[in-house]
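Reading through the structure tokens given below for one structure.
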Amino acid sequence: MQELSPQYDPQAVESLITERWNDAQCFHAEPTDAGDPYSIVIPPPNVTAALHLGHALNNTLQDVLTRVARMRGMNACWLPGTDHAGIATQSVVDKRLQAEGKKAIKEYKKMEAQGGNGREQFLEKVTAWKDQYEARITQQLKDMGCSCDWERQAFTMDEPRATAVREAFFRLFKEGLIYRGKRLVNWDPVTQTALADDEVEMEDVDGHFWYMKYPVCDATGAETGAFVTVATTRPETMLGDTGVAVNPNDAPRAKFIGQFVKLPIVGRVIPIVGDDYVVIPDEESADSKARMASGFLKVTPAHDVNDFEIGRRHDLAVINIMAPDASISTSHGWDDASQACDPFVGLSREDARRAVVRWFKEADLLEDQKPYKHAVGHSYRSHVPVEPYYSDQWYLKVTDDKLAGAALRAMDVSQRQPSDNAAFNAKTPKRQDAKEGKADTGLKFYPERYAKTFQNWHENLRDWCISRQLWWGHRIPVWSLTCSDEQAALTLTNEWNDANPGSSAARQDGDTVFVCLKNNDAVSDLEKQGFIQDPDVLDTWFSSALWPMSTLGWPEKTDDLATWNPSSVLCTAREIITLWVSRMVMFNLYFEGQLPFKDVFIHAMIQDGHGQKMSKSLGNGVDPIDIIHSHGCDAMRYTLTAMTTQTQDLRMPVDLIDPHSGEAFTPKFVTGPGGYKVAAPEQDSPSVKGKKMASSYGVASGKVKPSDDLPAARNTSEKFDLGQRLANKLWNATRFTLSILTDETPTTSDEMTLADRWILDRLAETVAAADAALGEYRFAEFATGLYDFFWRDLCDWYLESIKPTVRENAAQRRTLAACIDATLRLLHPVMPFITERLWESVNEALPGDRSVPGLALPPNTLLVKAAWPVMEAGAMADASAAEDFAFIQSVVSAIREIRSQHQVAPSAVVEVSATGPAAVLERMAAHRPIVQSLARYTTREVGTDAQEASNAAAALVGDMTLYVHDVVDTEAEKARLSKRRDTLAKQIVNFEKRLGNEKYVNSAPAKLVQETRDQFAAAARELEAVEAQMAALG
RNA sequence: GGGCGAUUAGCUCAGUUGGCUAGAGCAAUUCGUUUACACCGAAUAGGUCACAGGUUCGAGUCCUGUAUCGCCCACCA
């Protein structure tokens, strides 16, 4: 048999074990396989960059769940894949090309505009990037031990997923749920694309409020001589004002409703309307808007989302005064510009703002100007302020009851908050998954509080703008044609050709016809007739929303789909509840009539040591491979699992490893952009003088380039020491076990000792607790429960207890074998590599069945497919063993404390006498071998009348007094006793107070009161004894 | 502006329907190689559970308010 080294070496084991799993094809599942279905779809990581610790956490948890399910004999399938991440990837590639001085998207766009194939060529670049990072991500996942079904690896933009997207879009379009809308979008004037709401980052900006006076007039434009003052932070948009609004409840100002103003500069006559959206000015108000407001709101429907809504309510014109680059322009919908407007046309929005303010000042129409700090949306890509921009976009009507309503109704009743919608409050959900045959249950969030986020989102949903002015994505499958007379008569041959404005019957000259194609068969026909495909692509979340179905072959009615959809649980971060969870739920319900998953587990966000979110843009992310390098994969996985409590954030102080010396150290931090604390790009070696290195922040931010003189430092964190120690301990405990076990046939001839019965009792409790914790996704509880059982119970107490006897006692060896076997099984989902390696050695040493009565442990060659331990209900519970062993533990602890207090060397054997009631002494005698071995003593005298010896330290355990002889140090003993006396005295006061309280005695549970009485009596007894001992010492 | 969460030992965190004499890991102190493990063992010290009120026989736990920090959402009057 191969000897195990005295220390666990993860590097040597991990690759070996990976190979073994691969050879045995352990992770692949087929619908026809035995067992109840269990499935997880991976939240597909973006191909923008390599995975960081947050992914490591997320994927470790999914792997734990998958591996447990597999061991439970379920037909477990974990579907891996990656996301094309539209704008993020396109932007990353563009930036990289620019940084390398190569042709970037600007040039490709030019090429495309000139009829070249710029689009295609640029997409090749992005695809190359995607291939590179997809490979890198996949390798990272494999290195992390993720037991994904790699044969099913998917990508949101590959062929099968494209088919799914086409089908979904087609069906939604046909049902009229996709529409073309002229709406305000978040426009990035630099990259010239629309942004989703979530792609907009709010930043506080120091701006101003300007108070501008507009002359009041009548409908014909004749001025009355009165003025109204509007307050705005964006004076330049006044060129597009089409109304002024006043709150009808604002008594002093409401009289203006129905009158008009003549818009300065432009000369446009626009109405004053009443709308209760307008904030009434109030200088005393806590609301800063009320303090700043003038009571009159300029309404610019084309450049402000609120104004757009007000405009709709009052039927105001929408006048767009800007070009796509956000410069003032008269060629995008502004046709009443007067000559006075000329100086403003062509100015950037910033210049226009200054110019407009100057104009008002010079015209003496600027009443006031106040500083004002407010949040302004910025493009997460170009970081310039986002411009609400009036343009044509495709929308998905998620507000339709078939989508948002269905998602709400799918929530589990137990997690719903009272809603405005009475039907929703009362409605019992339908069971989404008949296969499991469980009673009515809906979508459930863990931790529960996230259900609120989900509900709130769907109750306030707005339609989803799904078009993006990008190249990297699924092209919108819509072709359009603005008809001439002749074309209006055209008959389209496609299977379905109904279009939004005007069906074929009512088509007229000038109408635009939109045709959605399910596949490309009819494309050439259409294009011959002059149709052109929409240049936009779909929002990246459109394809992600289909992920739980598209990864299983949808729209085909595959066996995969029938087996694994709905999946068992979605495991993700909270930031994505609205973006992704919501949309998957809506799509799966809409297309398949069932949920995409039954549970949603939301895990914490990993922050760095300063409480800052780990992110790519901050450059404070940590590559899991670095941790695997410094601590080993199992150590990383264990620690991450143990850190997964129910909180929403967790901190991870990150250190660097000096490449010159290999030692870990805390880097120097500097304040980076945005006030964030980051590791200085360049760091000095803490031990090798004059040597420097590049921090991961330095490399990620591009501030330094690693080189031979400036090698990149890997990250590490001492947080992972926890897992590393556990791995080593497990390695050695198993090594020790193997040195004892021989490949004997298990025998039952010997009696099980107390220690055996106790450890099996503990094991039973541990398995039950582990199962309960997993069922509620309480990972930390799961991990620490196993840790405590293994380290505290098994190693500290059980192994130490059996050392003197195990070589002679076959029953003990059998118990030991069962415990190690079960421990390896229990820890395998969290620490797959080391347990699988040790399993091999245990199998060699003891190849047979290692079950014990009450605990089935069927043998298996590979641990990855071995059965999860199942306890026969109650069979191994042993209350008397638990009680007896607790007694032993307190005796041993008491003697150890005295030894330590008196500086007795651990190797020295002391003498102990005991005195007390006969029953207790008998109990002592029954367990003497264990106790003597654990506390290292020999027994001098035992008896109910044993006299207190001089020069001995005494301890009270229950009714029994123990004397540790010849430990000499009187002062130390006095100190120990007096400390004990103080503690007891304090406790007694406490107990007396409680028991003296009639209300407590009368209203607390009788059991609790009795417990307090017992505690009180015990403390009083011990105090008396302690005082006697102190008196004896003088 | 709305919502969610955090504040417990020097550090990172547990503490599930109120019963706590408040726990763990790391760090600290003392002792120790008894051949599984020094990535170890034994023992010790360390906390008016952010603050102020309230409910209760009893509050780390429930309620109200305050402070600080973090995250998400929000239509830049």
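Within every chain, numbering begins at 1; the chains are lettered A, B, ... in the order of the sequence lines, protein sequences first and strands thereafter.
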Residue-phosphate contact under 4.0 Å: [X] side-chain N/O, [N] OP1/OP2:
| X | N | value |
| --- | --- | --- |
| A/W791 | B/G41 | yes |
| A/T453 | B/C4 | no |
| A/K803 | B/U35 | no |
| A/R725 | B/C40 | yes |
| A/S739 | B/A36 | no |

Identify each atom pair where a protein N or O and an N or O of nucleotides 42-45 of chain B are less than 3.5 Å apart, giving names and distance.
from: B/A43; atom 1: O2'; to: A/S900; atom 2: OG; distance (Å): 3.1
from: B/A45; atom 1: OP1; to: A/K979; atom 2: NZ; distance (Å): 2.1

- Message: Do A/R725 and A/Y638 have side chains that approach each other closer than 4.5 Å (heavy atoms only, starting at C-beta)?
- Response: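 No, their side chains stay 4.5 Å or more apart.
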- Message: I'd like to check A/L738 versus A/V842 (side-chain heavy atoms, cut-off strictly below 4.5 Å). Are they in contact?
- Response: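 Sidechains of A/V842 and A/L738: in contact.
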Does [X] [atom1] have over 12 foreign heavy atoms under 6.0 Å away?
| X | atom1 | result |
| --- | --- | --- |
| A/K370 | NZ | yes |
| A/H629 | NE2 | no |
| A/Q1010 | CD | yes |

- Message: Without decimals, in angstroms, what is the distance between A/R735 CZ and B/U35 P?
- Response: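 Distance check: A/R735 CZ to B/U35 P gives 13 Å.
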- Task: Starting at atom CZ of A/R994, determine the distance to atom P of B/G58, rounded to an integer number of angstrom.
- Result: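 Atom CZ in A/R994 sits about 12 Å away from atom P in B/G58.
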- Classify the side chain of A/Q7 and the base of B/C39 as holding, or not holding, a donor-acceptor pair under 3.5 Å.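 Such a pair exists between side chain and base.
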- Message: Is it the case that the base of B/C4 and the side chain of A/K452 share a donor-acceptor contact (distance under 3.5 Å, atom types as modelled)?
- Response: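 When only heavy-atom distances are counted, A/K452 does not reach the base of B/C4 through any donor-acceptor pair under 3.5 Å.
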Show me the protein contacts with nucleotides 67-71 of chain B, counting only N or O atoms at under 3.5 Å.
from: B/G70; atom 1: O2'; to: A/Q607; atom 2: NE2; distance (Å): 3.1
from: B/G70; atom 1: N2; to: A/Q648; atom 2: NE2; distance (Å): 2.4
from: B/C71; atom 1: O2'; to: A/R574; atom 2: NE; distance (Å): 3.2
from: B/C71; atom 1: O2'; to: A/R574; atom 2: NH2; distance (Å): 2.8

- Face-on cation placement of A/K803 at A/F736 ring, 6.0 Å and 45° thresholds: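 Yes - A/K803 lies over the ring of A/F736, closer than 6.0 Å to its centre and within 45° of its axis.
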Give [X] one of three labels, base, sugar-phosphate or nothing, depending on what nucleic acid heavy atoms sit under 4.0 Å from its own.
| X | result |
| --- | --- |
| A/W210 | nothing |
| A/E1011 | nothing |
| A/E800 | base |

For [N] and [M], measure between their [atom1] atoms and round to the nearest Å.
| N | M | atom1 | value |
| --- | --- | --- | --- |
| B/G41 | B/G46 | P | 23 Å |
| B/A24 | B/G47 | P | 15 Å |
| B/A22 | B/U29 | C1' | 23 Å |

- Runs of at least three consecutive Watson-Crick or G-U pairs, both distances under 3.5 Å, are what I'm after; which ones involve RNA chain B?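 Counting only runs of 3 or more consecutive pairs, the stems involving RNA chain B are B:1-7 with B:67-73, B:10-13 with B:23-26, B:28-32 with B:40-44, B:50-54 with B:62-66.
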Of the nucleotides [options], which one has an atom closest to the side chain of [X]?
| X | options | result |
| --- | --- | --- |
| A/T233 | B/C76, B/G32, B/C39 | B/C76 |
| A/E718 | B/C40, B/C4, B/C26 | B/C26 |
| A/K729 | B/G25, B/A36, B/A77 | B/A36 |

- Position toward the 5' end of RNA chain B (nearest nucleotide), A/Y450 or A/Q987: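 Residue closer to the 5' terminus by nearest nucleotide: A/Y450.
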What's touching nucleotides 54-56 of chain B from the protein side, N or O pairs under 3.5 Å?
none

- Taking side-chain contact (heavy atoms from CB on, under 4.5 Å) as the test, write out the residues that go with A/E897, two or more places apart.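 Applying side-chain contact (heavy atoms from CB on, under 4.5 Å) to A/E897 gives A/R976.
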- Quick check, are the ring centers of A/Y777 and A/Y446 under 6.0 angstrom apart?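 Close enough - the centres of the two rings lie under 6.0 Å apart.
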- Message: If we ignore hydrogens and angles and just use 3.5 Å, is the side chain of A/T229 paired with the main-chain N or O of A/M212 as donor and acceptor?
- Response: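 The answer is no, because no donor-acceptor pair under 3.5 Å joins these two groups.
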- Task: Give me the residues of residues 995-1007 of chain A where at least one heavy atom lies under 4.0 Å from an atom of RNA chain B, by number, or none.
- Result: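 Going residue by residue through residues 995-1007 of chain A, the ones with a heavy atom under 4.0 Å of RNA chain B turn out to be A/N997, A/K999, A/Y1000, A/S1003, A/A1004, A/P1005.
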